[in-house]
Colleague: 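I am attaching a structure below and will ask some questions about it afterwards.
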Amino acid sequence: MPDFGPDLAEVFGPAAADGGPDLVQLLTPEGERVHHPEFDRDFSAEELRGFYRDMVLTRRIDTEATALQRHGELGIWAQLLGQEAAQIGAGRALRPQDYVFPTYREHGVAWCRGVDPLHLLGLFRGVDHGSWDPKDHNFGLYTIVIGAQALHATGYAMGIQRDGAVGTGDHDRDAAVIAHFGDGASSQGDVNEAFIFAASYNAPVVFFCQNNQWAISEPIERQSRIPLFQRALGFGFPGVRVDGNDVLATYAVTQAALQRAREGSGPTLVEAYTYRMGAHTTTDDPTRYRLSDDVERWKLKDPIARVKVYLTRNGLADDDFFASIQAEADDLGHRLREGCKALPDPKPLSMFNHVYAEETDELRQQREGYAAYLETFEGAR
Amino acid sequence: MPDFGPDLAEVFGPAAADGGPDLVQLLTPEGERVHHPEFDRDFSAEELRGFYRDMVLTRRIDTEATALQRHGELGIWAQLLGQEAAQIGAGRALRPQDYVFPTYREHGVAWCRGVDPLHLLGLFRGVDHGSWDPKDHNFGLYTIVIGAQALHATGYAMGIQRDGAVGTGDHDRDAAVIAHFGDGASSQGDVNEAFIFAASYNAPVVFFCQNNQWAISEPIERQSRIPLFQRALGFGFPGVRVDGNDVLATYAVTQAALQRAREGSGPTLVEAYTYRMGAHTTTDDPTRYRLSDDVERWKLKDPIARVKVYLTRNGLADDDFFASIQAEADDLGHRLREGCKALPDPKPLSMFNHVYAEETDELRQQREGYAAYLETFEGAR
Amino acid sequence: MSSTRTQRITLAKGLNMGLRKAMEDDPKVLIMGEDVGKLGGVFRITDGLQKDFGEDRVIDSPLAESGIVGTAVGLALRGYRPVVEIQFDGFVYPAYDQIVAQVAKMHYRSQGRSPMPMVIRIPFGGGIGAVEHHSESPEAQFAHTPGLKVVACSNPVDGYWMIQQAIASDDPVIFLEPKRQYHADKADLDDSMAPDPLFSSRVVRRGSDATLLAYGPTVKTAMKAAEAAATEGRSLEVIDLRTLSPLDMGPVFDSVRRTGRAIITHEAHVNLGVGAEVAARVQEECFYSLESPVLRVCGFDIPYPASRIEEDFLPDLDRVLDAVDRSLEF
Amino acid sequence: MSSTRTQRITLAKGLNMGLRKAMEDDPKVLIMGEDVGKLGGVFRITDGLQKDFGEDRVIDSPLAESGIVGTAVGLALRGYRPVVEIQFDGFVYPAYDQIVAQVAKMHYRSQGRSPMPMVIRIPFGGGIGAVEHHSESPEAQFAHTPGLKVVACSNPVDGYWMIQQAIASDDPVIFLEPKRQYHADKADLDDSMAPDPLFSSRVVRRGSDATLLAYGPTVKTAMKAAEAAATEGRSLEVIDLRTLSPLDMGPVFDSVRRTGRAIITHEAHVNLGVGAEVAARVQEECFYSLESPVLRVCGFDIPYPASRIEEDFLPDLDRVLDAVDRSLEF
Ligand SMILES: Cc1ncc(C[n+]2csc(CCOP(=O)(O)OP(=O)(O)O)c2C)c(N)n1
Ligand SMILES: Cc1ncc(C[n+]2csc(CCOP(=O)(O)OP(=O)(O)O)c2C)c(N)n1
Ligand SMILES: [Mg+2]
Ligand SMILES: [Mg+2]
């Protein structure tokens with residue numbers, strides 16, 4: 001029997017619980033700073049405190065939203081608990097001119113792009129399908145159909161190429177796109193086609209996959225029998241696995257991948273190896289399909305705790321700092337609770353708006369017919 | 001700037017004109033027998049003569065069909081000129097219990113599976129959409145929507161697993177599936193999803209990609225910037241590039257990949273590196289998009305000529321043999337010409353047949369209505 | 001699991017029991033989809049089935065709908081009877097090509113040699129307060145495709161029987177389940193009672209002034225409308241279409257010939273929705289019986305709106321009664 | 001390229017000239033698709049455009065329709081106006097999800113902030129003697145989807161103007177081209193004449209006995225039928241619908257109110273085809289004017305058959321006249 005080469009599943013994985021030997025890490029779960037031959041970099045105290053702040057506030061957005069859902073104020077909420085470092089690391093690596101294509105869980109990246117979290121709450125409350133202006137933040141609307149946005153990101157990156165905003169060396173001009181998606185999404189045709197188009201056109205796009213080990217109840221093993229970052233090999237561009245619970249490493253790797261794209265060297269796949277600590281969404285019940293042991297093990301790798309240890313141990317932040325962040329989080333929580341409840345319900349007739357840039361007569365008639373119908377209930381409704 | 005590893009496009013390719021260093025070859029274009037550390041194997045004189053015969057007859061089917069199209073007897077024809085070795089090598093590697101999912105160009109494989117070429121002509125004549133019984137030949141109907149059949153093959157292979165017909169060690173029971181597709185098809189979501197499902201379930205399927213360098217007018221570089229067989233790496237199963245103009249190598253590699261599948265070791269991607277010598281189909285005009293130089297260069301690698309040289313030079317076949325094959329080809333040609341013209345046109349009302357296993361009243365009414373309508377033309381039509 | 005004779009069940013339970021029965025009856029029946037295994041599906045319709053029938057028969061899939069349906073085609077060619085679950089209506093579209101170009105055409109293409117005994121279950125419709133893509137009604141697109149059959153259940157007892165009948169059918173069936181009803185009203189299942197044929201519509205309330213046509217989630221709306229109308233002395237006949245392709249128009253024509261008026265209600269967009277076909281056929285067959293035009297009370301021609309105003313999008317009792325008024329006053 | 005005033009052109013030429021004009025007028029216009037570059041598309045509609053506008057504006061794509069439409073969405077978000085070519089009608093389905101869930105909904109989802117000025121060109125219809133999947137008429141499925149606009153051209157002059165108007169539209173337009181007509185009849189283009197608005201239907205022949213409705217490839221059939229009917233003293237009005245979503249029903253209602261009879265013909269399957277919607281609207285709006293039911297002469301509800309009998313599948317002059325007879329004799 002000829003040898004087809006080593007068993008790739010044995011060589012590459014299956015995904016080791018600690019992320020395996022290829023995992024890029026700069027800060028261990030214990031808060032120890034380690035170094036990496038390729039992706040090391042210095043971080044100022046200010047940067048580190050900034051990461052900490054972003055992660056704490058992002059987590060607060062998440063816990064407030066979860067609570068609001070429990071109280072019936074939101075229809076559903078997609079929790080990011082445990083994925084704060086992956087999102088803040090990626091979000092902070094962006095420049096203003098870069099463009100983000102998020103999933104429905106990118107609350108931390110939205111935060112980095114200056115999107116008011118109330119917009120996110122509005123969507124999950126059912127007030128609208130997304131109310132921020134993508135152009136104001138270079139942050140697209142949440143995409144719910146799994147994987148669709150990977151192609152949008154690639155096309156947007158092709159647009160950047162056509163605008164001559166790649167590889168000019170101009171720091172403020174050269175731009176990249178980041179496409180967020182999950183481990184489950186890696187199985188969709190659209191995501192793989194995005195790899196193909198991006199490779200074919202050498203488009204300036206970073207594919208940022210948060211491998212949180214689960215796609216609702218399906219474990220990562222159902223989607224790939226080798227570590228996901230290796231997928232890129234098959235398409236002819238680099239893939240990197242980074243500790244997605246390590247904000248420093250995620251920042252460094254994403255930043256390097258974005259820079260590569262901006263310089264015109266094409267796409268990169270970044271696999272942020274992390275864990276979905278919560279349920280898939282507030283309607284999910286993970287006890288049906290996973291062991292609490294796993295969750296416990298991952299608690300030890302909390303993305304925020306390790307930064308706090310590092311800041312404290314190295315005298316980069318004091319109690320006042322932590323207290324001030326705590327206060328800021330409390331304020332934010334308060335603002336979100338109040339703001340969410342105060343979000344006005346859309347007017348019934350507004351549902352007819354924006355179907356088209358140029359409304360059709362047909363639709364105008366439907367709107368008018370419904371308006372007339374509603375008037376017959378005058379007062380009753 | 002961190003190093004993301006070597007430029008994969010540089011390491012792997014772009015596809016060298018000669019197939020590159022990874023090309024598995026057992027018989028050179030000059031008809032010289034070479035050896036390979038993994039895939040070497042002995043071939044009896046009978047086997048070799050058989051390959052020769054199959055390729056010559058397959059080519060005759062192709063040239064007759066092309067001529068029939070020129071004479072208005074077929075609506076269109078998808079030529080296989082130049083791909084005879086890839087198809088006969090793959091087709092002969094199959095066991096009866098294996099199952100084939102072809103594209104629209106698999107005339108050589110159809111031949112190996114005992115499908116009367118008249119069935120193929122019928123389809124391209126517009127008499128039907130495929131008139132052989134897949135179950136009689138374990139050879140599915142031609143699939144025209146690019147890539148769709150890769151998923152069917154994977155699902156069929158999952159069925160084989162469920163039937164316990166994998167890895168039992170029983171030579172006549174263990175079965176594999178082969179999915180044929182082209183270089184262009186490798187870009188379709190469906191093909192990549194097939195890779196994912198096959199890997200996830202370790203399904204007994206061989207993905208057999210004939211890289212004939214073109215997808216109509218699109219060159220292979222548009223689909224992949226690295227050699228296609230490397231795609232498999234990204235999905236965690238082996239990929240091999242074989243000289244698709246070398247029937248011995250194609251046979252050996254495909255046979256080994258099928259055996260791997262039958263034994264329960266899962267999927268393999270075989271890239272048969274070849275060239276589409278003709279037009280995409282009889283309606284295509286390749287002079288609009290490719291250089292005749294390329295075609296000339298590939299003529300030197302003709303799959304049939306090299307086997308003839310080898311047979312002759314090694315005294316494995318004499319003039320009588322070649323003459324007898326020629327005669328057989330002429331007979332076949334004659335039979336196809338006559339048979340094609342004699343193919344009966346379908347009856348108009350037959351178009352209503354087989355829409356459902358259990359016909360609906362609606363459809364019965366449409367049929368009856370049309371029958372009654374036709375009767376009003378009695379004689380006139 | 002043919003337990004007690006009569007049970008009080010929800011639609012979710014009926015479907016679950018029906019699936020279980022089908023799997024017991026025929027070892028070739030497989031269930032495939034995202035999260036159908038341990039989780040039992042996001043709506044728990046396949047709850048407990050993987051535990052009892054194993055991972056080979058209740059197959060958790062990678063996250064790719066085209067992949068699910070495409071591999072199901074291969075399994076069907078190998079002799080299996082796959083029952084595919086699409087998680088939500090809005091996620092069937094990645095599988096659209098496999099459904100309309102392969103599933104629908106395989107039997108025809110092969111001149112009957114390669115049947116496609118596949119069921120594609122789609123939880124459909126709105127009213128559950130969900131985000132985008134979770135409340136759609138894609139039935140018209142499938143009903144327009146020859147080679148597919150399309151049915152919609154509206155109550156627990158039909159759920160139990162229709163899913164079994166669909167699985168037993170040798171043709172591919174798009175099986176629509178009104179997700180809003182999954183865990184709503186209960187009904188008594190007496191499984192000794194023979195069910196109606198799968199591809200038949202059913203008069204669910206007799207009446208003489210006008211005919212209300214509905215299917216899936218709007219059957220309940222229509223029934224409520226008929227009750228409300230009754231209090232005002234109006235007698236409405238209600239027909240649950242049940243089968244959308246083929247349509248079973250016999251009972252509809254009979255009814256309209258008696259009442260002279262028809263109103264159809266569905267959640268799908270009115271433009272080119274099933275109501276258009278029903279109206280086209282009724283005006284053709286009952287031309288001289290009609291006393292007023294066939295009216296449609298349907299989803300508007302807008303993308304499904306944000307859930308806080310979805311009740312304005314969805315046809316409700318008042319809109320149906322308004323149409324009844326317009327029909328009667330025409 | 002505003003050359004001579006009047007030119008005799010085919011539909012293929014009209015489309016090619018229209019595309020060229022649109023690219024000259026607006027540097028944001030891009031063409032994308034399989035084989036659109038050097039080959040000029042399998043029908044040569046984009047012939048010569050890559051040579052003149054470069055590979056960055058006439059983009060040869062990998063073989064993946066979802067990829068083409070999905071990247072076009074991204075390009076549109078970046079401010080471009082992509083014109084996507086789908087090679088044949090039957091190959092639009094892999095892109096279906098991107099079209100109905102993304103292209104159609106982006107403007108709505110974003111409250112108008114992210115317009116989708118995209119044109120998806122689809123050569124459609126049969127009669128060219130092709131193998132499976134090359135002769136389909138998928139318009140109903142797109143017309144049923146809010147957020148999309150759907151038009152069909154039927155002649156060279158319309159081809160020239162309508163493609164430019166579609167590209168200029170800020171809404172996504174599914175642009176259907178009757179492939180059978182590409183290289184058939186020629187017509188005189190006088191590009192100093194102002195075109196009709198894109199989303200309008202047009203009376204192409206005046207008549208008083210019945211109204212024939214058609215679009216795309218069946219307009220020619222309808223015109224021939226009207227000519228044939230005229231020799232028997234029957235005066236048929238013919239309307240080229242041109243726009244399928246929105247429908248421009250004004251001229252249709254006007255006509256039917258005069259003639260009292262309507263027959264619609266299209267190649268798409270009759271069940272839930274555009275004819276169903278037209279019939280539903282006509283019976284609602286012209287209830288008392290109709291002297292006989294709206295009839296439909298359409299493709300049967302079967303998969304597109306083998307090409308040797310496709311003429312039996314396709315509506316033709318005789319079938320249309322037969323329906324006219326039935327309508328008049330009703
Ligand atoms: C096309 C499509 N199919 C199914 C779903 C339902 N769904 C929502 S999230 C999800 C799992 C996604 O997993 P992953 O990509 O890993 O992202 P995560 O939720 O873990 O962040 C599924 C199946 C969907 N939104 N879109
Ligand atoms: C989904 C789909 N898109 C487009 C086409 C039109 N088409 C037919 S063959 C072909 C090229 C196929 O190239 P490849 O996969 O390399 O196979 P080859 O024809 O070279 O054997 C295309 C684009 C199709 N059949 N299906
Ligand atoms: Mg995940
Ligand atoms: Mg090829």
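Lettering follows sequence order; numbering is per chain, from 1.
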Colleague: Under 3.5 Å, is there a donor-acceptor pair between the side chain of D171(C) and the main chain of Y356(B)?
Modeller: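 Not a single qualifying donor-acceptor pair exists.
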Colleague: Is there a donor-acceptor pair closer than 3.5 Å between any side-chain N or O of Y99(B) and the backbone N or O of R78(C)?
Modeller: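 Side chain of Y99(B) to backbone of R78(C), a donor-acceptor pair under 3.5 Å: no, none is there.
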Colleague: Check whether A101(C) gets within reach of chain B through its side chain, its backbone, both or neither, counting any heavy atom under 4.5 Å.
Modeller: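 For A101(C), side-chain heavy atoms alone lie under 4.5 Å from chain B.
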Colleague: Would you say NZ of K38(C) has more than 12 non-hydrogen atoms from neighbouring residues, nucleotides or ligands within 6.0 angstrom?
Modeller: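 At most 12 heavy atoms, drawn from other residues, nucleotides or ligands, come within 6.0 Å of this atom.
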Colleague: Is it the side chain or the backbone of D97(C) that comes within 4.5 Å of chain B heavy atoms, both, or neither?
Modeller: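 The side chain, not the backbone.
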Colleague: Tell me, side chain or backbone of M106(C) under 4.5 Å from chain B's heavy atoms, or both, or neither?
Modeller: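 Side chain of M106(C) only, per the 4.5 Å heavy-atom cut-off to chain B.
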Colleague: Is there side-chain contact between Q149(B) and V73(C), with at least one heavy-atom pair below 4.5 Å?
Modeller: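 Counting from C-beta outward, Q149(B) and V73(C) never come under 4.5 Å.
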Colleague: Side chains of D361(B) and P246(C), heavy atoms from C-beta outward: is any pair under 4.5 Å?
Modeller: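 A side-chain contact under 4.5 Å is absent here.
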Colleague: Look only at the side chain of H354(B) and the backbone of H107(C), and say whether a donor-acceptor pair between them is shorter than 3.5 Å.
Modeller: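 Not confirmed, H354(B) side chain does not pair with H107(C) backbone.
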Colleague: What distance separates F197(B) CZ from T71(C) OG1, expressed to the nearest 0.5 Å?
Modeller: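 The distance works out to 5.0 Å.
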Colleague: Which atoms of S61(C) are under 4.5 Å from chain B, going by heavy atoms: the side chain, the backbone, both sets, or neither?
Modeller: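 Both parts, backbone and side chain.
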Colleague: Just so I know, are the side chains of Q102(C) and T143(B) near enough to count as touching, which here means a heavy-atom distance under 4.5 Å?
Modeller: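 A side-chain contact exists here, since the closest heavy-atom pair is under 4.5 Å.
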Colleague: Which atoms of A153(B) are under 4.5 Å from chain C, going by heavy atoms: the side chain, the backbone, both sets, or neither?
Modeller: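 Neither part.
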Colleague: For residues D163(B) and Y80(C), is any side-chain donor paired with an opposing acceptor at under 3.5 Å?
Modeller: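 Judged by distance alone, the side chains do pair up.
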Colleague: Does the R113(C) side chain pair with the main chain of S131(B), one donor and one acceptor, at a distance under 3.5 Å?
Modeller: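 Checking the backbone N and O of S131(B) against the side chain of R113(C), a donor-acceptor pair under 3.5 Å is found.
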Colleague: Just verifying a value: how many Å separate Y201(B) OH and D56(C) CG, rounded to the nearest 0.5 Å?
Modeller: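 Reported value, rounded in 0.5 Å steps: 10.0 Å.
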Colleague: Can a side-chain donor-acceptor contact be found between Q111(C) and H129(B) if the only test is distance below 3.5 angstrom?
Modeller: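 No, Q111(C) and H129(B) have no side-chain donor paired with an acceptor closer than 3.5 Å.
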Colleague: Between the main-chain N or O of L247(C) and the side-chain N or O of E362(B), is there a donor-acceptor pair closer than 3.5 Å?
Modeller: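 Side chain of E362(B) to backbone of L247(C), a donor-acceptor pair under 3.5 Å: yes, one is there.
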Colleague: Looking at OG of S110(C) and CG of D133(B), how far apart are the two atoms once the value is rounded to the nearest 0.5 Å?
Modeller: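 Going from OG on S110(C) over to CG on D133(B), the span is 8.0 Å.
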Colleague: N353(B) vs Y108(C), test: side chain to side chain contact (heavy atoms under 4.5 Å, CB included). Steps then yes/no.
Modeller: CA-CA 7 Å; N353(B) 296 347; Y108(C) 191 72; 6.0 Å; no
Colleague: Among side-chain atoms of D190(B) and Q98(C), is any donor-acceptor pair under 3.5 angstrom?
Modeller: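 Yes, side-chain donor-acceptor contact under 3.5 Å.
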Colleague: Would you give the length of the straight line joining atom CG of L63(C) to atom CD1 of I196(B), rounded to the nearest 0.5 angstrom?
Modeller: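 CD1 of I196(B) is found 10.0 Å from CG of L63(C).
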Colleague: Pick from T360(B), V355(B), L363(B): which one has the most heavy-atom pairs with chain C under 4.5 Å?
Modeller: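 Of the candidates given, the most pairs with chain C belong to V355(B).
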Colleague: What part of I160(B) lies closer than 4.5 angstrom to a heavy atom of chain C: side chain, backbone, both or neither?
Modeller: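 Both parts, backbone and side chain.
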Colleague: So for I68(C), is it side chain, backbone, both, or neither that comes closer than 4.5 Å to the heavy atoms of chain B?
Modeller: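 Both the backbone and the side chain of I68(C) come within 4.5 Å of chain B.
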Colleague: Can you see which heavy atom on G67(C) is nearest to which on L151(B), and at what distance?
Modeller: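 That closest heavy-atom pairing would be CA-CD2, 3.6 Å.
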Colleague: Checking R162(B) against L30(C) for the side chain to side chain contact (heavy atoms under 4.5 Å, CB included) test, could you report, in this order, the C-alpha distance in whole Å, the side-chain angles of both residues, the deciding distance, and whether it holds?
Modeller: CA-CA 10 Å; R162(B) 277 157 186 76; L30(C) 306 176; 4.1 Å; yes
Colleague: Is R109(C) reaching over with its side chain to a backbone N or O of L141(B), donor-acceptor style, under 3.5 angstrom?
Modeller: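 No; zero donor-acceptor contacts below 3.5 Å.
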